[in-house]
2 protein chains.
Amino acid sequence: MVDNQIEVCNCGEIHSEELQKIRTEMPDVTLIHRLADFFKILGDPTRITIVFALLEKEMCVCDIATLLNMSQSSISHQLKTLKIARLVKYRRSGKTIFYSLDDRHIDEIVSIGVLHTKEGNDGK
Amino acid sequence: MVDNQIEVCNCGEIHSEELQKIRTEMPDVTLIHRLADFFKILGDPTRITIVFALLEKEMCVCDIATLLNMSQSSISHQLKTLKIARLVKYRRSGKTIFYSLDDRHIDEIVSIGVLHTKEGNDGK
DNA sequence: TGTATATATGAATATATGTTCAATTGCACA
DNA sequence: TGTGCAATTGAACATATATTCATATATACA
């Protein structure tokens, strides 16, 4: 990324040296993109519901589909997304494949999300 | 939502009584949607960068735009999104408007996200 | 080896969403 | 009151993405 900054305004509320200092304290671009990708995973109702389900116990694809009342194909697609993001892992047992959570931070992060959600108790 | 479940398979890995039990332990649909909306907010590089910036100090719109090297309009749009989601608040001071974080859980949740991101240290 | 079952995959479609561009609003100050 | 600046807003556009449908894999079992 080239460093030619847009000249936006002259408000000068923060001097450019301070902006420069803040810039050095910010996480690097790669980390930010990975972080955003991580949160994006949890930002879909289907996927986070799957996470909640797997928080209860390991399940096979068709169990999850039945639980969520959705097609097996769409669950499979979402599980693939979760798998790539390393949020779930799987094991094969004959014909069926069991999925389970693969991140020890997930319950923690989801719990905090619930806190935030319940505090802002507005009708959306 | 009607409760006519799709009959997906007969794998029967989990009996329907157990699925029913798990169903009762799952968060309700409204909470899940709010949670997904919350995580979706953090699931965009621009928005999470804004959050990181505001973690450092309160800033006006043009400062953020300069810092992120983005147009002031797009920052303003994103700030509106963050505002609606109650992640940021603002105060007016003359012509400029200062934004700051409005959620005491944010640094916590972002920190855990960073943990997850750094542990899965694959080259994506 | 052939059939049945659980899961995965690819293409297509519909929808959601981030940024830009062109205005407009709100406040300050001369 | 009128000009200037910071910020907001709405429409348009391009891109991303969730689900569906049809089909392909992979394993079990007869």
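Residue numbering restarts at 1 for every chain, and letters A, B, ... go by the order of the sequence lines. Here the structure is a predicted model, which is why all the values come from computation and not from measurement.
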N/O (side chain, B/Arg47) to phosphate O (OP1/OP2, C/dG18) under 4.0 Å: yes
Side-chain N,O (B/Ser71) to OP1/OP2 (C/dT20) below 4.0 Å: yes
Whole Å only: how far is the [atom1] atom of [X] from the [atom2] atom of [N]?
{"X": "A/Ile75", "N": "C/dA8", "atom1": "CD1", "atom2": "P", "result": "11 Å"}
{"X": "A/Leu79", "N": "D/dT17", "atom1": "CG", "atom2": "P", "result": "18 Å"}
{"X": "A/Ile50", "N": "D/dT19", "atom1": "CD1", "atom2": "C1'", "result": "13 Å"}
{"X": "B/Lys80", "N": "D/dA11", "atom1": "NZ", "atom2": "P", "result": "11 Å"}
{"X": "A/Lys83", "N": "C/dA8", "atom1": "NZ", "atom2": "P", "result": "5 Å"}
{"X": "B/Ile84", "N": "C/dG18", "atom1": "CD1", "atom2": "P", "result": "12 Å"}
{"X": "B/Arg91", "N": "C/dC27", "atom1": "CZ", "atom2": "C1'", "result": "15 Å"}
{"X": "B/Phe98", "N": "C/dC27", "atom1": "CZ", "atom2": "P", "result": "16 Å"}

Touch class at under 4.0 angstrom, heavy-atom based, for B/Tyr90 against every strand present: nothing
Point-to-point distance, once rounded to the nearest 0.5 Å, from CG of A/Leu101 to NZ of A/Lys89: 7.5 Å
Nearest listed nucleotide, side chain of [X], among [options]:
{"X": "B/Gln72", "options": "D/dA6, C/dT7, C/dT17", "result": "D/dA6"}
{"X": "B/Arg92", "options": "D/dA7, C/dG26, D/dT19", "result": "C/dG26"}
{"X": "A/Asp44", "options": "C/dT19, D/dA18, D/dT8", "result": "D/dA18"}
{"X": "A/Gln78", "options": "D/dG4, D/dT19, D/dA26", "result": "D/dT19"}
{"X": "B/Thr96", "options": "C/dT7, D/dA6, D/dA18", "result": "D/dA6"}
{"X": "B/Lys95", "options": "C/dT7, C/dG26, D/dA26", "result": "C/dG26"}

Geometric class of the B/Phe39/A/Phe39 ring pair [parallel <30°, tilted 30-60°, perpendicular >60°]: parallel
Name of the residue among A/Glu17, A/Glu18, A/Arg23 meeting side-chain hydrogen bond (donor to acceptor under 3.5 Å, both in side chains) with A/Gln20: A/Arg23
Enclosure of A/Lys83 NZ (heavy-atom neighbours >12, cutoff 6.0 Å): yes
Given DNA chain C, 5'-ward residue of the pair B/Gly94 and B/Gly43, judged by closest heavy atom: B/Gly43
Basic-acidic side-chain contact under 4.0 Å: A/Glu58, A/Arg91: yes
Pairwise 5' ranking along DNA chain D for B/Tyr99 and A/Lys40, keeping only the more 5' one: B/Tyr99
D/dT19 pyrimidine/purine six-ring stacking with A/His77, under 5.5 Å and 30°: no
Heavy-atom donor-acceptor pair, B/Arg34 side chain to B/Ala36 backbone, under 3.5 Å: no
Any N/O donor-acceptor pair, B/Ser73 side-chain to C/dC21 base, under 3.5 Å: yes
